[in-house]
Amino acid sequence: MKKTLKRIAANLLALVLALTLIPAAATAEEAEKSATIAVTSTITTLNPLLMDNTEIVKYATSLTFLPLVELNQDLEFVGQLAEEITTEDNRTFTIHLNPDATWSDGVPVTSADVLFTFLAWASPESGNTGLNVYAIEGVGDDGYTEPGATEISGIQIIDDKTLTITTKWETALYTFENNYGRYVLILPEHILGDVPRDQLPTYDWFNAPTVVSGPYFITDFDLNHYVHYVANENYWQGAPKIKYLNINVLTSSQLLSGLQAGEIDLIQQTTGDILLEDYENVQALENVTTYAGTPVTNQSIFINVENVPDVRIRQALLYGIDRETILRELVRDNGEIVDAFLCSASPYYDAALGVTEYDPEKAAALIAEAKADGADTDITWHVNSGDATFVQAVGFIAAQFADLGLNIEIKTVDLATLMTVANNGEIDVMSVQYTYAPVDPYTDVAWLLSADGWTFYQNEEVTNALLESQALTDQDEIRARYLLVDQYVQQDVPMISAYILSALGATSNRLVNATPDVFGTFINVHEWDIAE
């Protein structure tokens, strides 16, 4: 009888989840041609000009508007709208657009579209602050052009499919490709060119764009719950084989049931957080294939050094967090422990840095010493509510530090709120999963370790080492600069790596040609198919 009741309950749960995951308006025929991607964080925007630091927004928007290049699963930059990007001096970069790249209305993607997009980013009328366009010649140090600018001196159009971008200082090719190649999603100048720039950030057109360069159009959305897409039949790389694509925002606790019921087709490692306690059950599902992601996702702890100015308190956090126990008990050894930013998968990782050992006695002594000198021992810690594992970990950490003399108040907030308070400098400590591209630490590290980043940390030697890394081509010399940066982070503690996560991805066995990984999952989305 108990087994029967459990079976009925399970069937009811599967039915409810199925109704949630399949768009209400879909017919039986349409459902057969659809695939559902499950994510566990809300999508803050579908406007490429408002992209934040989250992977979910990048992927949700790049299904409609492609970047110039993307990282594949082998951590190589491969062409998207650009066939390739080259440089001879780490200052002037030549972008060769793919000759076949076209918009969905048949108009070719041209150099004018690229210039238009950069002008939109740099426009003071639109007021964007999310991209470091100030590094481009002709853009002010505040990141803006003159109002109404129609050109940028550092961007020169050679022909319809070729242009150059010149930076103010030496910039490594991998940094240029990661920063501008991956995160600038090119917009159609022939559609948006007459829209006043101050209207672009709130322009409703982006919520249902009529002309796209990517494989899908947006048809419907509720950013807290879902985005629905339909195939771009005129996609220049080939019409998608799956007509209807859905991104559904779920809780981590729903993922196992959704996979089991066959209503989730893909979970990508950086956007869908499968509960660690569910890993074994997910791996045991007969209708699912699982993939261990490359261990590059850093469970980062960022400390605002202006709000926590006493370095002894910050050092106490590093010594007093039992990272090995967290990795073993909560993460179940699905990852590794490092200090500072770089994971072992990065070509610039140097084991000479070592790992700070757990030492609660030293942490207690540092706290007591700082408190005696008047330091504040009350800390507010913001944590992403979508990361169930680290919500639990912060509770464990707070309990430990209560015995060491540090009072930690935990504030659990959604990812959008976390980004807002971090950007506004309203945090003492925050934790969030942050995926640093192993081939380009510079883009994220230089921002995070600056007055504009979440840590508000400034160190001239760190800044110089990072800048020097951009002018070098020898990998050993670049590695030496990053080792210096990591040593300062280890000493001054504006950031702590709790662990590097090897997250689990999954696909239903009915979905073919799709392999979830930290990078490159969606490059071939137009080739995904549903097994007969």
Side-chain angles (χ1 to χ4, degrees), residues 23 30 33-37 39 43-51 55-70 78-83 95 97-121 126 128 160-161 180-195 199-223 226-247 521-528:
E30 289 170 344
K33 300 176 184 178
S34 70
T36 295
I37 301 164
V39 301
I43 304 163
T44 55
T45 183
L46 295 171
N47 186 331
L49 294 173
L50 297 178
M51 284 204 303
E55 293 293 286
I56 179 57
V57 168
K58 171 181 164 50
Y59 291 134
T61 51
S62 60
L63 287 169
T64 53
F65 300 104
L66 292 180
L68 295 169
V69 297
E70 185 54 278
V78 295
Q80 292 285 272
L81 289 180
E83 199 167 46
I95 298 170
L97 294 175
N98 192 302
D100 297 326
T102 57
W103 299 101
S104 56
D105 60 359
V107 174
V109 175
T110 69
S111 302
D113 295 314
V114 180
L115 173 59
F116 169 77
T117 303
F118 275 90
L119 279 167
W121 270 107
S126 57
N128 300 306
D160 279 352
K161 291 287 186 177
Y180 300 124
R182 288 187 71 222
Y183 284 97
V184 177
L185 307 186
I186 304 305
L187 304 175
E189 189 270 343
H190 69 289
I191 299 297
L192 299 174
D194 292 332
V195 178
Q199 295 180 21
L200 286 173
T202 57
Y203 198 42
D204 282 344
W205 183 87
F206 286 109
N207 295 325
T210 54
V211 173
V212 300
S213 62
Y216 284 91
F217 290 94
I218 298 166
T219 60
D220 188 22
F221 71 95
D222 174 343
L223 295 183
Y226 62 84
V227 183
H228 296 164
Y229 302 84
V230 67
N232 170 14
E233 300 294 342
N234 296 321
Y235 184 43
W236 60 278
Q237 296 196 72
K241 296 179 179 180
I242 296 174
K243 186 169 185 178
Y244 299 95
L245 197 66
N246 310 302
I247 294 178
T521 299
F522 301 100
I523 288 177
N524 72 326
V525 66
H526 61 292
E527 297 174 335
W528 294 3

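Count residues from 1 along the sequence.
The main-chain N or O of Thr36 is never found under 3.5 Å from a side-chain atom of Asn246 such that the two would form a donor-acceptor pair. With hydrogens and angles disregarded, a donor-acceptor distance shorter than 3.5 Å links the side chain of Tyr229 to the backbone of Ala60. Judged purely by atom type and a 3.5 angstrom limit, Lys161 has no side-chain atom pairing as donor or acceptor with the backbone of Pro108. Side-chain N or O atoms of Asp220 include none that pairs as donor or acceptor with a backbone N or O of Tyr226 at under 3.5 Å. A donor-acceptor distance shorter than 3.5 angstrom exists from the side chain of Ser111 to the backbone of Asp160, with no hydrogens or angles considered.
Asp113 places none of its side-chain heavy atoms less than 4.5 Å from the side chain of Leu97. Contact check for Thr521 versus Tyr59: no side-chain heavy atoms found under the 4.5 Å cut-off. Contact annotation: the side chain of Ile191 never approaches that of Trp103 to less than 4.5 Å [non-hydrogen atoms, C-beta and beyond]. Here the side chains of Gln80 and Ile523 are in contact, with some heavy-atom distance below 4.5 Å. When side chains are defined from C-beta on, Lys58 counts as touching Arg182, because their heavy atoms get closer than 4.5 Å.
Contact detail for Leu81 and Ala101: the closest heavy-atom pair is CD2-CB, 4.0 Å. For the pair Lys33 and Ile242, the tightest heavy-atom approach, listed with the atom from each and the gap, is O-CG2, 3.0 Å. Contact between Pro215 and Val525 at its shortest, heavy atoms only, is CG-CG1, 3.5 Å.
Note: Trp528 and Phe522 have tilted aromatic rings, judged against thresholds of 30 and 60 degrees for the angle between ring planes.
Between atom CG of residue Asn234 and atom OG1 of residue Thr102 there is a gap of 8.0 Å, rounded to the nearest 0.5 Å. In this structure, Leu50 CG and Tyr203 OH are separated by 14.5 Å, a value rounded to the nearest 0.5 Å. If you take OG on Ser126 and CG on Leu200, they are separated by 6.5 Å, rounding to the nearest 0.5 Å. Separating the CD atom in Glu83 from the CD1 atom in Ile95 is a distance of 13.0 Å, to the nearest 0.5 Å. Between the OG1 atom in Thr45 and the CD1 atom in Ile56 there is a gap of 12.0 Å [rounded to 0.5 Å]. Separation of atoms CG (Leu63) and CD1 (Ile37) is listed at 6.0 Å; rounding is to 0.5 Å.
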Worked check of side chain to side chain contact (heavy atoms under 4.5 Å, CB included) between Gln237 and Asn98: CA-CA 11 Å; Gln237 296 196 72; Asn98 192 302; over 6 Å; no
List the steps, then state whether side chain to side chain contact (heavy atoms under 4.5 Å, CB included) holds for Leu245 with Val227. CA-CA 9 Å; Leu245 197 66; Val227 183; over 6 Å; no
Checking Val114 against Tyr180 for the side chain to side chain contact (heavy atoms under 4.5 Å, CB included) test, could you report, in this order, the C-alpha distance in whole Å, the side-chain angles of both residues, the deciding distance, and whether it holds? CA-CA 11 Å; Val114 180; Tyr180 300 124; over 6 Å; no
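Judged as a ring-ring contact (aromatic ring centres under 6.0 Å, His included), and not counting sequence neighbours, Trp236 has no contacts. Taking the ring-ring contact (aromatic ring centres under 6.0 Å, His included) definition, one finds that Phe116 meets it with nothing, sequence neighbours left out. With sequence neighbours left out, the side chain to side chain contact (heavy atoms under 4.5 Å, CB included) criterion links Gln199 to Val195, Pro196. Residues passing the side chain to side chain contact (heavy atoms under 4.5 Å, CB included) test with Thr117 are Trp121, Val184, Ile186, Leu187, sequence neighbours excluded. For Val230, the side chain to side chain contact (heavy atoms under 4.5 Å, CB included) partners are Phe217, Thr219, Lys243, Tyr244, not counting sequence neighbours.
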Could you list the donor-acceptor pairs under 3.5 angstrom formed between side-chain atoms of residues 205-214 and any protein atom two or more places apart in sequence or on another chain?
residue: Trp205; atom: NE1; partner: Thr210; partner atom: OG1; Å: 3.0
residue: Ser213; atom: OG; partner: Leu66; partner atom: N; Å: 3.0

